[in-house]
J.: 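Got a structure here, written out as structure tokens. Questions coming.
When reading the values below, keep in mind they use all heavy atoms of this one structure, side chains included, and skip hydrogens, waters and symmetry mates. One-based numbering, in listed order, for ligands and for the atoms of each. The structure presented is a predicted model; accordingly, all values stated were derived computationally and were not measured.
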Amino acid sequence: MDIVLSGIRSTGKLHLGNYFGALQNFVKMQHENQCYFFIADYHSLTTHPTPEDLHGNVKQVLAEYIACGLDPEASTLYIQSDVPEIPELYLLLNMNAYKGELERCTSFKEKIRKHPDNVNAGLLTYPTLMAADILIHKANKVPVGKDQEQHLEMTRTFANRFNRLYNVDYFPEPVAYNFGKELVKIPGLDGSGKMGKSEGNAIYLSDDAETIRKKVMKAVSDAGPTQPNQEKPEAIQNLFTIMKVVSSPDTYQFFDDKYTACEIRYGDMKKQLAEDIINVTSPMRERIEAILSDDDYLRKVAKLGAEKARASASQTIKDVRRIIGFREF
Ligand code: TYM
């Protein structure tokens, strides 16, 4: 049986990228494996949220996980900051994580380029906290989107280094995982790059139908192909990539054939795409609203998750402390 773990930063509402990159995969696996899914609220502190925003975002994301089909009984659903063993393992792993390798991490380089005024130590050591998240439950499969591949590679480096340093075979080598074999990158609607919270190009699971229609109709496209079998430019490929995950294979094929024959009308394609996105997200949106209004239920879920997560995490920390050489007198 696999130990499966994944998490999402609590920096706001979930979007289609989070769902198709991580959550949907996880939901498919939760009944056959030992599964952990958590809200990465420590990770969200690198951008200094206000106390109100921090709490509100954690609550929103917890409700959204459940609305997407995460079963708090079948899997362990918890909030990172409820498990003090995670920051302890983070501290221990940091002793064997080197400044050079952390500085070479692509996501760190991107963050310092975008926010040169906030290059804090939390950002630099983001990969060791993520490794601690994964290794604390000795997970071996991590459903994530393509953008997290390098972080998983670093997790394997830290796990192997620990094993070698102490001459043990304790931590597994976790791999980034997607049910459909390939890791996915859901693009944004602005003609370039991936869908992201900070990019302003996202469709959120909680968006209502009208908002989704407006966003999709405004998505970047072009004047259309001029020759049969023309390669698709990035903005157009992006629309097809989203269509591939939300629409039926027949619908996808229909518009792909139209493109190939130079007969495509992007207005029609966008209308269909918007309706198919609405179809996927509207049952979730309705559940999000109901769950968000039930504080008692959310409190129970968080408490149960924290208990289950700590049971597993405390065993790991006990082992790790012993391996490192912390002993009682
Ligand atoms: P975060 O919060 O940026 O994103 C959460 C998950 O959503 C995926 N994702 C995407 N997948 C496909 N296309 C996109 N456009 C897209 N945008 C986001 C991400 O790949 C991720 O799986 N560092 C992580 C959170 C984290 C974590 C962990 C994940 C902390 N500790 C341990 C797994 C295991 C992050 O910032 O993801």
J.: Quick test of your reading of the model: are Glu210 and Lys214 salt-bridged, counting only N-O distances below 4.0 Å?
T.: no

J.: How far is atom 13 (N) of ligand 1 from its nearest protein heavy atom, and which residue and atom name does that atom have?
T.: Ile186 N, 2.7 Å

J.: Regarding Asp268 and Gln272, do their side chains bring together a donor and an acceptor under 3.5 Å, going by distance alone?
T.: no

J.: Which atoms of ligand 1 are found less than 4.0 Å from any heavy atom of Met195?
T.: 14 (C), 15 (N), 17 (N)

J.: Taking heavy atoms and a distance under 4.0 Å, where does Asp147 meet ligand 1: side chain, backbone, both or neither?
T.: side chain

J.: Locate the shortest heavy-atom distance separating Gln30 from Ser75; write the atom from each residue and the value.
T.: OE1-OG, 3.5 Å

J.: Using heavy-atom distances, let me know which of Ser107, Ala132, Gly17 sits nearest atom 9 (N) of ligand 1.
T.: Gly17

J.: Would you mind running through ligand 1 and noting each atom that sits below 4.0 Å from a heavy atom of Gly21?
T.: 11 (N), 12 (C)

J.: Any atom of ligand 1 sitting under 4.0 Å from a heavy atom of Tyr126?
T.: yes

J.: If the contact criterion is a heavy-atom separation under 4.0 Å, does Gln80 count as touching ligand 1?
T.: no

J.: Would you mind telling me if ligand 1 is within reach of the side chain of Thr11, the backbone, both or neither, using heavy atoms under 4.0 Å?
T.: neither

J.: Exactly one of Leu16, Asp207, Leu205, Val245 should register a side chain to side chain contact (heavy atoms under 4.5 Å, CB included) with Ile277. Which one does?
T.: Leu16

J.: Quick one: which ligand 1 atoms are inside 4.0 Å of a heavy atom on Leu5?
T.: 32 (C), 34 (C)

J.: Looking just at side-chain N and O atoms, do Ser10 and Asp41 make a donor-acceptor pair shorter than 3.5 Å?
T.: no

J.: Considering only protein heavy atoms, which is closest to atom 31 (N) of ligand 1, and at what distance to one decimal place?
T.: Asp133 OD2, 2.7 Å

J.: For atom 22 (O) of ligand 1, which of the options Asn201, Val144, Leu152 provides the nearest non-hydrogen atom?
T.: Val144

J.: Can you list the ligand 1 atoms lying under 4.0 Å from a non-hydrogen atom of Lys194?
T.: 15 (N)

J.: What do you reckon, does Phe38 have a nitrogen or oxygen under 3.5 Å from a nitrogen or oxygen of ligand 1?
T.: no

J.: Under a 4.0 angstrom heavy-atom cut-off, which atoms of ligand 1 come close to Ala22?
T.: 6 (C), 22 (O)

J.: Quick check for you: to the nearest 0.5 Å, what is the distance between Ser206 atom OG and Glu64 atom CD?
T.: 5.0 Å

J.: Give the residue, atom name and distance (to 0.1 Å) of the protein heavy atom nearest atom 3 (O) of ligand 1.
T.: Arg9 NH2, 2.6 Å

J.: What part of Leu129, side chain, backbone, both or neither, has a heavy atom within less than 4.0 angstrom of ligand 1?
T.: neither

J.: I'd like to know if the side chain of Thr11 pairs up with that of Lys197 as donor and acceptor (distance under 3.5 Å, no hydrogens or angles considered).
T.: yes

J.: What's the shortest distance from atom 29 (C) of ligand 1 to any protein heavy atom, and which residue and atom give it?
T.: Gly7 O, 3.3 Å

J.: Who's closest to atom 28 (C) of ligand 1 heavy-atom-wise, of Gln148, Met130, Lys185?
T.: Met130

J.: At under 4.0 Å between heavy atoms, which part of Leu23 makes contact with ligand 1: side chain, backbone, both or neither?
T.: neither

J.: What protein heavy atom sits nearest atom 12 (C) of ligand 1, and how far away is it?
T.: Val184 O, 3.3 Å

J.: Does the ring centre of Tyr78 sit less than 6.0 Å away from the ring centre of His137?
T.: yes

J.: Are Tyr259 and Phe255 an aromatic pair, judged by ring center distance below 6.0 Å?
T.: no

J.: Closest non-hydrogen protein atom to atom 18 (C) of ligand 1, residue and atom name please, with distance?
T.: Asn18 ND2, 3.4 Å

J.: In terms of atom number and element, which parts of ligand 1 are under 4.0 angstrom from non-hydrogen atoms of Val142?
T.: 33 (C), 34 (C)

J.: Is a side-chain N or O of Asn163 found less than 3.5 angstrom from the main chain of Phe171, in a donor-acceptor match?
T.: yes

J.: Can a side-chain donor-acceptor contact be found between Thr241 and Asn238 if the only test is distance below 3.5 angstrom?
T.: no

J.: State whether the shortest distance between N or O atoms of Pro187 and N or O atoms of ligand 1 falls below 3.5 angstrom.
T.: no

J.: Check the orientation of Phe179 and Tyr177. Use parallel for under 30°, tilted for 30 to 60°, and perpendicular for over 60°.
T.: perpendicular

J.: Going by side chain to side chain contact (heavy atoms under 4.5 Å, CB included), Phe20 matches just one of Ile242, Asn25, Asn178, Val246. Which one?
T.: Val246

J.: So which protein heavy atom does atom 17 (N) of ligand 1 come closest to, and at what separation?
T.: His15 CE1, 3.4 Å

J.: Side chains of Thr226 and Gln230: do they bring a donor and an acceptor to under 3.5 Å?
T.: yes

